[in-house]
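Labels below follow one simple rule: chain letters A, B, ... track the order of the sequence lines, proteins then strands, and each chain is numbered from 1.
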Amino acid sequence: MAILEVKDLCVDYETKKGTARAVNHVNFSINKGETLGLIGESGCGKTTTAMSLLGFVSPPGRITGGSVIFKGEDIRNYNDEQMRKLRGASISIVRQEAQNALNPVLRVGDQIGEVLREHGEKNNKLIEERIDYQLEMVGISPKRKKSYPFEFSGGMRQRVMIALAAIAEPDLMILDEPITGLDVIVQRQLINLLAELRAKMGLTALLISHDLSVIAEMSDRVAVMYGGYIAEEADVVSLYKNSKHPYSSALIESYPRIRGEKKTLKSIPGAPPKLLTPPDGCMFADRCQKAKDICFKQVPESVVVDGHRLRCHLYSGNSKGGV
Amino acid sequence: MGINYIVKKLIASLLTLFAITFVNFAIFRLAPGDPVRMMFRDPRISIETIEKMRVEYGLDKPMVGQYFSYMKNLCKGDLGISFWQKKPVEEVIAERIPRTLLLIGTSLIIAVILGTLLGAIAGWKGGSKTDSAIMSISMTLYSVPSFAFGILLMLAFAYHLAIFPLGGIETPASGYHGFRKAMDVAHHMVLPAFSIVLWYIGQYIIITRSSMKEVLSQPYIMTARSKGVREKKILTRHALRNAFLPLITITGVNIAFMTGGIIEAETVFSWPGLGRLFYDAVMKRDYPLLQGCFLVFSVAVIVLNFVVDIIYGKVDPRVKIGGKAADA
Amino acid sequence: MRDSYKLTKIKDFFAMFFSHRMGKWGFIIFCFFIFIALFAPLLRTVAPDASGDVSRILQSPDKISWLGTDDLARDIWSQVIYGSRVSLTIGFVTAFITVISGTFVGIVAGFKGGKVDEILMRIVDFFMMLPHLPLMIVLAAVMGASIWNIVIVISIVSWPSTARLVRSQVLSLKESAFVEAARCLGAGDATMMTKEILPNVIPVMFAQAVLMVTETIYSESVLSFLGLGDPTKISWGTMLHFCFESGAMSRSPWWVFPPVICIVALIISFSFLGTSISDILTPGYKETMGY
């Protein structure tokens with residue numbers, strides 16, 4: 001059963017120089033217990049997509065179309081109070097480690113417990129027990145719940161953020177670059193921790209990263225985002241072994257492999273598209289080595305080929321049912 | 001809060017205090033022209049009197065010696081003789097201090113409470129009509145010198161409407177006692193206090209608003225929102241406390257700047273406090289008195305800064321616990 | 001390529017500036033005063049310090065004296081017109097001196113770091129601790145009243161805040177990649193400070209200069225009001241001082257309002273300019289306004 005279904009989502013940013021479409025007719029769904037990886041270069045619309053799931057798109061940005069169906073209800077119709085009740089309790093988020101992601105003047109434990117309090121839990125003893133349990137689960141001694149964030153290292157603060165996101169046992173957890181900006185060793189520890197949570201809690205997650213290896217290790221399915229739309233979406237193994245969209249292939253080839261044959265890394269020539277002045281055709285056409293005439297003229301429709309859902313003119317001929 | 005923190009702040013304050021006594025000495029001795037001639041501009045004073053004064057003030061001695069005798073007198077609490085009042089400077093000043101404290105204390109309390117409240121509202125409603133209205137008003141208030149407020153208030157409420165007295169601290173020779181006297185003083189205080197409040201309040205609104213906006217842009221506010229915390233709670237629990245922290249520091253820094261308002265308001269309304277005394281000392285060219293007043297103002301600023309630092313240490317957990325982030 | 005980039009940046013700046021409501025109004029009022037100051041000799045009716053007819057003492061506004069006369073029968077209109085010159089001159093000269101000296105100290109302290117930084121910052125902190133107006137009053141009283149002394153006095157009190165601001169800016173610049181790159185290329189301290197650091201603190205200097213003009217005009221008016229202004233150059237503050245001391249304040253509102261309105265309007269115009277500039281220079285403003 002799909003916990004989350006995003007249909008034709010569009011987010012526009014109004015600027016004085018025109019409208020930029022940051023999220024362009026995006027479709028995806030996440031089933032219970034599944035992790036969907038969302039990968040792409042910075043500025044491709046990953047974070048904007050995540051933010052619109054929580055209702056955090058604020059002017060000059062605006063959701064201009066589509067629907068976000070969470071557990072059967074379109075949350076775009078929710079009012080502010082309904083959205084608030086959803087956040088933290090049903091959908092939670094862990095973002096990139098930042099200096100002040102935790103309030104510097106409040107004790108860490110109180111900040112974790114606040115999630116339960118704000119969603120109606122009044123039993124203090126129960127809240128304290130839950131805090132202890134959560135801290136223990138993320139590998140921090142419960143004794144340290146009386147500490148302030150500045151007494152923790154960056155990696156520990158990120159563990160606290162995970163505890164905070166998990167305490168209300170949400171139906172969906174958004175992990176937005178959860179390990180970016182940390183030491184390599186800390187990154188490894190956090191990946192292990194998240195893998196453990198997946199196994200223990202049956203975590204349903206949307207994992208956003210620009211790092212192929214993180215996505216490969218932690219996701220069931222992967223969606224590759226480019227210039228505001230999803231270029232290709234497929235099962236994780238199939239995508240890595242058998243990518244169809246030229247952008248996905250280029251992205252994979254630009255990444256070093258530890259095992260297997262040594263290959264020269266290929267960079268992708270050119271620059272990401274300017275969203276203010278999008279090309280008439282495919283977003284990737286300018287940089288694509290297989291581009292045909294039609295790629296510059298017409299926006300590719302979504303097609304499904306061998307279980308890969310993709311937007312590419314190379315495959316539009318042998319479409320087996322698009323959206 | 002560690003004892004180390006207090007000791008460190010105390011030593012810094014004492015060093016500043018020492019440096020200030022030096023500045024106070026230097027300004028009046030190193031200025032161009034003969035200090036004694038400068039001190040006694042009255043042409044009727046004979047050469048002999050001047051020479052006598054010179055010896056009396058130790059001005060015939062070399063500079064270093066002068067400094068030591070100045071410091072010695074200072075330690076004894078001797079600030080010299082006021083020529084205008086013909087009394088020891090310390091006596092003249094001591095009499096004025098409570099009156100200034102009364103005026104500044106009242107104004108500051110009103111300005112801080114109203115200013116931070118309005119500033120917090122403006123920052124919270126950032127970009128809205130309420131915000132720009134509060135901001136435009138406070139920028140205007142901040143731009144009007146306190147003496148200009150004073151003059152305008154005086155023209156309107158003392159001369160034309162005649163509902164408040166023109167100046168002074170009490171009705172002369174009224175013979176009021178007790179409560180009647182207190183009410184009389186309060187009545188006299190309304191206009192000068194109001195002119196100070198108007199000036200201070202603009203600053204507090206501007207500072208609180210920018211501090212609030214800064215806090216609201218911090219990641220932890222976003223974290224709180226994504227936890228599903230109610231907006232009201234985000235304001236009271238997450239934003240306000242953090243917004244007040246820099247406010248405390250800035251208040252400390254601003255104390256040196258705010259001494260201006262008191263001089264202006266007291267001058268306009270002839271409030272017989274330290275500010276008016278400063279003005280009178282300038283007008284009468286009473287240098288020992290001027291020197292004494294400057295010293296008192298400087299010391300007050302240092303003491304208040306020290307108090308502010310201590311308060312900050314009590315409120316901010318980062319200072320309270322000892323400051324070192326433990327990397328574990 | 002780089003020049004055209006700079007040009008669009010400047011163009012963007014002005015576009016943002018004039019669409020900022022405060023910036024626009026600040027600029028209009030500012031231009032108005034500049035106009036008055038420049039054409040003062042043409043706009044005046046009589047010489048501002050010329051004592052008039054004794055029978056015309058404290059004359060209310062009429063056909064000869066548009067804004068009335070003071071207690072020496074001098075023309076208020078002409079005094080107000082010439083007062084703008086004093087305020088603007090002192091404002092600009094002092095702002096220039098304080099920003100240049102403050103920037104110098106700030107760059108040296110921030111860039112050199114270590115002992116130099118510590119000593120310079122101790123001095124800065126000390127100056128910031130001194131009560132501003134009392135210090136200015138004492139210095140002005142000791143040094144004697146003249147325009148230049150007022151400039152010096154206000155500069156002494158004002159430079160530290162610029163130094164502090166520039167230093168913090170330099171500290172963050174020092175960590176940036178292009179400075180590190182220049183250092184790797186073997187640039188010396190002097191080159192680094194003038195070629196790499198200085199151009200990048202110019203926006204801050206600019207914003208600070210506007211702020212300093214505001215504060216200077218303010219301080220000058222207060223000092224003059226307290227009787228420490230240059231007696232030979234009539235400024236708005238001096239006008240109010242004479243008015244206040246003459247005891248004629250209640251009877252001659254025409255003597256009070258013009259200087260008060262001018263002081264307030266000029267200071268407000270600069271605060272508006274300053275606010276709009278610092279808004280524009282705030283990172284993120286450009287994006288939220290959609291440029």
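Under a cut-off of 6.0 angstrom, the local environment of CG in A/Asp80 is sparse, with at most 12 non-hydrogen atoms contributed by other residues, nucleotides or ligands.
Using a distance-only test at 3.5 Å, with no hydrogens or angles considered, no donor-acceptor pair links the side chain of B/Trp199 to the main chain of B/Gly260.
Residues of residues 49-56 of chain A that come within less than 4.5 angstrom of chain B, heavy atom to heavy atom, are A/Met51, A/Phe56 in numerical order. Of residues 103-121 of chain B, not one residue has a non-hydrogen atom less than 4.5 Å from any non-hydrogen atom of chain A. Taking non-hydrogen atoms and a 4.5 Å limit, the residue list of residues 159-184 of chain A in contact with chain B, ordered by number, reads A/Met161, A/Leu164. Residue-level contacts of residues 207-220 of chain B with chain A, in order of numbering, are B/Gln218, B/Pro219, B/Tyr220; threshold 4.5 Å between heavy atoms.
Considering all non-hydrogen atoms of both residues, A/Phe150 and A/Arg157 come closest at CA-NH1, 4.5 Å. Of all heavy-atom pairs spanning A/Val23 and A/Leu9, the tightest one is CG1-O, 3.5 Å. Nearest heavy-atom pair, B/Thr100 versus B/Gly275, reported as atom, atom and distance to 0.1 Å: OG1-N, 4.2 Å.
Of the atoms belonging to B/Ile221, not a single heavy atom falls under 4.5 Å from chain A. A/Leu106 touches chain B through its side chain: at least one heavy atom from C-beta onward sits under 4.5 Å away, while N, CA, C and O do not.
Side-chain atoms of A/Thr204 and A/Glu34 include no donor-acceptor pair closer than 3.5 Å. Side-chain atoms of A/Arg117 and A/Asn124 form a donor-acceptor pair, as typed in the model, at a separation below 3.5 Å. Residues A/His119 and A/Glu114 bring no donor and acceptor atom of their side chains to less than 3.5 Å of each other.
Exactly one residue among A/Gln82, A/Arg87, A/Glu81 makes a side chain to side chain contact (heavy atoms under 4.5 Å, CB included) with A/Lys85. That residue is A/Glu81.
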